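Residues: numbered from 1 along the sequence shown. Keep in mind that what you see is a predicted model, and the values were worked out from it rather than measured.
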Amino acid sequence: MRHVNYILNNVYRDDYHDQKDDPSLWVPVIDTHDVHDGYAATVDGHQRAGAVVDANAHILGLGVQLDNDRTMTAVIPRELITMIELDFASELPH
């Protein structure tokens, strides 16, 4: 949720507040009721349970919890969602 809130407040700030340059004044745009389980995320070539953050006309947030207390997230413009196939990699290639 923090990643989606950051994108909404930073990129779409005119929609949410007048404080364009002060992140301390940004508002929470989404809440836990905007997070929906049931998204099947591909991580390292394997399907894993994930979640969708669906609370805004501009973007869709996707996330999956990894085994080691890390969360992978992506925030994608809605107009691109049908044009991409998203696969997460849990480690950077060496």
Side-chain angles (χ1 to χ4, degrees):
M1 287 186 347
R2 286 190 303 256
H3 187 197
V4 174
N5 267 324
Y6 176 84
I7 297 296
L8 290 174
N9 273 287
N10 192 29
V11 177
Y12 301 100
R13 61 182 75 164
D14 291 336
D15 292 353
Y16 298 104
H17 52 80
D18 295 330
Q19 306 302 325
K20 299 180 188 311
D21 298 322
D22 188 353
S24 70
L25 299 175
W26 289 357
V27 298
V29 178
I30 61 169
D31 201 339
T32 55
H33 68 276
D34 299 314
V35 180
H36 308 283
D37 293 332
Y39 168 67
T42 302
V43 180
D44 298 330
H46 303 284
Q47 291 288 305
R48 296 181 67 124
V52 174
V53 180
D54 187 4
N56 179 270
H58 300 293
I59 61 171
L60 191 67
L62 308 171
V64 61
Q65 185 73 40
L66 299 179
D67 295 332
N68 52 3
D69 294 329
R70 291 184 298 168
T71 302
M72 302 191 75
T73 62
V75 178
I76 302 166
R78 285 188 183 269
E79 67 267 12
L80 299 179
I81 201 74
T82 60
M83 296 183 247
I84 63 170
E85 182 177 324
L86 181 64
D87 292 331
F88 290 104
S90 62
E91 300 291 334
L92 294 175
H94 293 71

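- Residues satisfying the side chain to side chain contact (heavy atoms under 4.5 Å, CB included) criterion with Gln47, sequence neighbours excluded, are Ala40, Thr42.
- Shortest non-hydrogen contact noted between Val35 and Ala51 is CG1-CB, 3.8 Å.
- Leu62 contributes atom CG, which lies 9.0 Å from atom OG1 of Thr73 (distance to the nearest 0.5 angstrom).
- Here the closest heavy-atom approach between residue Thr71 and residue Gln65 is recorded as OG1-OE1, 2.8 Å.
- Residues passing the side chain to side chain contact (heavy atoms under 4.5 Å, CB included) test with Ile81 are Leu60, Ile76, sequence neighbours excluded.
- Closest non-hydrogen pair, His58 versus Glu79, comes out as O-OE1, 4.4 Å.
- Hydrophobic clustering (side-chain heavy atoms under 4.5 Å, transitive across Ile, Leu, Val, Met, Phe, Trp, Tyr) groups Tyr39 together with Ile84.
- Considering every non-hydrogen atom in both Ala89 and Asp44, the closest pair reads CA-OD1, 3.4 Å.
- In this view, Val64 and Ala41, Val43, Arg48, Met72, Phe88 satisfy the side chain to side chain contact (heavy atoms under 4.5 Å, CB included) rule, not counting sequence neighbours.
- Taking all atoms of both residues into account, the shortest heavy-atom contact from His36 to His33 is CE1-O, 3.5 Å.
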